[in-house]
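Heads up: the structure comes next, in structure tokens.
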Amino acid sequence: MIRRSLVLVALVLAVVGLAAPAHAQDYPPQPGITVDKPNVDPGDTVRVTGRGCEAGASVTIQFNGQTVATVTAGSDGSFSGSFTVPAGTPTGTYQVSATGCATQVLSTSITVGTAVTPTTSPSVLPRTGSGTTETLLRVGIVLVAAGGLLALAARRRGAVPTR
């Protein structure tokens with residue numbers, strides 16, 4: 001009986017051990033926009049790229065609250081467009097924003113005139129690992145089953161036959 005139990009435990013452990021490993025999950029990219037030049041002068045052209053919109057969405061790009069371009073998001077939700085900083089724009093920091101991506105307003109800032117420390121959008125840490133505990137659950141079930149079988153085998157082994 002012990003031999004059968006050990007064979008069964010070994011078989012279960014082999015099946016769990018040979019199970020296909022989980023594959024990395026692809027997460028959709030975090031919404032956001034970037035500009036090719038964070039420091040510009042009046043008359044310069046700024047290229048704006050973004051991601052996280054719905055496919056085919058109409059995206060309006062604004063500079064300091066004024067619409068400067070309208071583009072269409074691609075099938076992957078990304079978009080790009082460019083605009084020229086108006087001549088006569090005073091030195092300072094201005095918002096560049098994109099609207100039309102569901103309910104979000106994506107924005108970053110650029111500096112016109114005197115170069116200052118470039119502003120960067122906050123970093124978003126990537127998600128790592130798995131969102132499920134399937135592997136831990138499998139291992140737990142196997143360990144509980146193995147322990148139960150070993151306890152049963154030990155109990156039967158220690159039992160004295162009655163006459």
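We number each residue from 1, following the sequence as shown. As the structure is a prediction and not an experimental result, all values here were calculated from the model.
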Requested in this report: Considering non-hydrogen atoms only, spot the tightest contact between Ser80 and Val71 and give its length.
Outcome: O-CG1, 3.4 Å

Report summary line: Between the CD1 atom in Ile33 and the OG atom in Ser107, the distance rounded to the nearest 0.5 Å is 6.0 Å

Requested in this report: Only counting residues at least two apart or in another chain, list the ones meeting side-chain contact (heavy atoms from CB on, under 4.5 Å) with Thr67.
Outcome: Thr60, Gln62, Thr70

Report summary line: For Lys37 and Ile110, the nearest pair of non-hydrogen atoms, with its separation, is O-CG2, 3.9 Å

Query - Shortest non-hydrogen contact between Ser78 and Asp76, atoms and distance - result: OG-OD1, 2.7 Å

Query - Val46 backbone acceptor or donor facing Asp36 side chain under 3.5 Å - result: no

Query raised in the report: Which residue pairs pass the ring-ring contact (aromatic ring centres under 6.0 Å, His included) test with at least one member in residues 38-62, sequence neighbours excluded?
Result: none

Report task. Evaluate the side-chain proximity of Pro42 to Val112: yes if any heavy-atom separation is below 4.5 Å, no if none is. Result -> yes

Query - Heavy-atom side-chain contact between Pro31 and Arg51 under 4.5 Å - result: no

Query raised in the report: Side chains of Val139 and Val142: does their closest heavy-atom pair fall under 4.5 Å?
Result: no

Query raised in the report: What's the spacing between Arg47 CZ and Thr49 OG1 if we round to 0.5 Å?
Result: 7.5 Å

Requested in this report: For Thr45, check side-chain contact (heavy atoms from CB on, under 4.5 Å) against everything at least two apart and list the hits.
Outcome: Ser82, Thr84

**Report entry** From OG (Ser109) to CG (Asn64), nearest 0.5 Å
**Finding:** 11.5 Å

Query raised in the report: Does Thr111 reach the side chain of Val40, with side-chain heavy atoms less than 4.5 Å apart?
Result: no

Report task. Compare every heavy atom of Ala73 with every heavy atom of Phe79, then report the nearest pair and how far apart it is. Result -> CB-CA, 4.1 Å

Report summary line: Applying ring pair (Phe, Tyr, Trp, His ring centres under 6.0 Å) to Phe63 and not counting sequence neighbours gives Phe83, Tyr94

Query - With sequence neighbours excluded, residues passing side-chain hydrogen bond (donor to acceptor under 3.5 Å, both in side chains) with Glu54 - result: none

Query - Heavy-atom side-chain proximity of Val48 to Val96 below 4.5 angstrom - result: yes

Report summary line: Contacts of Thr89 meeting side-chain hydrogen bond (donor to acceptor under 3.5 Å, both in side chains) (sequence neighbours excluded), chain-then-number -> none

